[in-house]
Amino acid sequence: MYFCSMWVLEDFGWLACGVYATIPFFWLMIHPFAERWRGRSRSPFRVLTPAWVLMWIVVWAASAPWRHALLYDAHWTWLLVPPLWTISLYIYFGGNRHFTVNQVIGRNELEPERHEPSLVTTGLHSRMRHPLYFGHLCTMLGWTIGTATIATLALTVFAVLSGIFLIRTEDAELERRFGVSYREYKQRVPAVVPHFRA
């Protein structure tokens, strides 16, 4: 029974990290081609959503052989997980006052005529430019530390490397959209690791 529950946790962590690991590629389908997507008469989500789901399947298929291969066998490491997931939950739900669902899923970028784009620099965004990515990272680190599988570690590393490229691409697109305002904001506020100065 114990080993069965551990396998369930490992599978759940692997599936969750597979979804999170593809988030940078979902956004890389948007930011470099934002103008082209906006020019389409039909909703871009008709293409983007199935493409993102396909990415999950590819990532899961590639990492499946290592979803139960352990880096270490020390279950006390689950004690390190709640603080990471608490940070994630605070970012996802505590930051809701400053970041709408439409901004999270990209409607402001892709459908500006229906969802007015705005530069958010208050709340969590006064501490880091991309708080959601920090939340995603904490979630994935929690699963990696807790389950200790090679698959979750590989997916987390993959997400970090693709996320670095994504942040540069996203910053460039936001700078084109908001000009001097975003450049000044970018100079003041770090990308992902939050600052705590007044």
Side-chain angles (χ1 to χ4, degrees), residues 1-32 48-96 99 101 104-106 124-125 127-171 190-196:
M1 188 71 174
Y2 170 77
F3 290 108
C4 180
S5 63
M6 288 309 299
W7 272 48
V8 169
L9 279 173
E10 290 164 10
D11 280 338
F12 200 83
W14 162 67
L15 290 170
C17 285
V19 173
Y20 277 99
T22 59
I23 289 173
F25 276 89
F26 172 79
W27 283 102
L28 284 168
M29 290 192 299
I30 294 175
H31 285 296
L48 292 169
T49 304
W52 189 26
V53 173
L54 181 61
M55 286 182 216
W56 302 352
I57 294 166
V58 170
V59 165
W60 286 334
S63 58
W66 298 280
R67 71 186 188 278
H68 297 296
L70 297 181
L71 296 160
Y72 51 82
D73 190 11
H75 302 303
W76 64 266
T77 56
W78 279 102
L79 297 173
L80 305 173
V81 175
L84 290 166
W85 286 354
T86 300
I87 292 169
S88 298
L89 289 171
Y90 176 74
I91 289 172
Y92 296 152
F93 299 106
N96 221 16
F99 215 53
V101 172
V104 170
I105 64 173
L124 294 172
H125 288 83
R127 306 289 180 185
M128 49 191 155
R129 297 196 307 275
H130 305 283
L132 282 176
Y133 300 157
F134 185 63
H136 299 341
L137 176 61
C138 289
T139 301
M140 294 186 78
L141 285 174
W143 280 116
T144 301
I145 291 168
T147 62
T149 64
I150 291 174
T152 53
L153 175 64
L155 291 168
T156 300
V157 170
F158 176 75
V160 168
L161 294 176
S162 56
I164 291 169
F165 183 69
L166 164 65
I167 286 169
R168 291 177 180 170
T169 306
E170 187 169 339
D171 279 344
V192 174
V193 179
H195 71 69
F196 297 98

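Just so it is clear, the values below take in all heavy atoms, side chains as well, and ignore hydrogens, waters and symmetry mates. We're numbering straight along the sequence, starting at 1.
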side-chain contact (heavy atoms from CB on, under 4.5 Å) against [X], all qualifying residues, sequence neighbours excluded:
X: P194; result: R127, M128, F134, F196
X: A51; result: M29
X: A74; result: Y72, W76, T77

Please list, chain by chain and in numerical order, all residues satisfying side chain to side chain donor-acceptor pair (under 3.5 Å) with T149, sequence neighbours excluded. T152

Considering residues at least two apart in sequence or located in another chain, which fulfil the side chain to side chain donor-acceptor pair (under 3.5 Å) criterion with W52? T22

Write out all pairs satisfying salt bridge (Lys or Arg N to Asp or Glu O under 4.0 Å) with one or both partners inside [range], taking only residues at least two apart or from two chains.
range: residues 53-71; value: D11-R67
range: residues 128-154; value: R129-D171
range: residues 12-27; value: none
range: residues 139-167; value: none

Sequence neighbours left out, what pairs pass ring pair (Phe, Tyr, Trp, His ring centres under 6.0 Å) with at least one residue falling in residues 139-163? F12-W143, F25-F158, W85-W143

Please output the side-chain donor-acceptor pairs of residues 57-65 that fall under 3.5 Å, not counting sequence neighbours, one pair per line with the distance.
| unit_1 | atom_1 | unit_2 | atom_2 | d |
| --- | --- | --- | --- | --- |
| W60 | NE1 | L15 | O | 3.1 |
| S63 | OG | W14 | NE1 | 2.8 |
| S63 | OG | V59 | O | 2.8 |

Residues pairing under side chain to side chain donor-acceptor pair (under 3.5 Å) where one sits in residues 155-168, two or more places apart or in two chains, turn out to be T144-T156

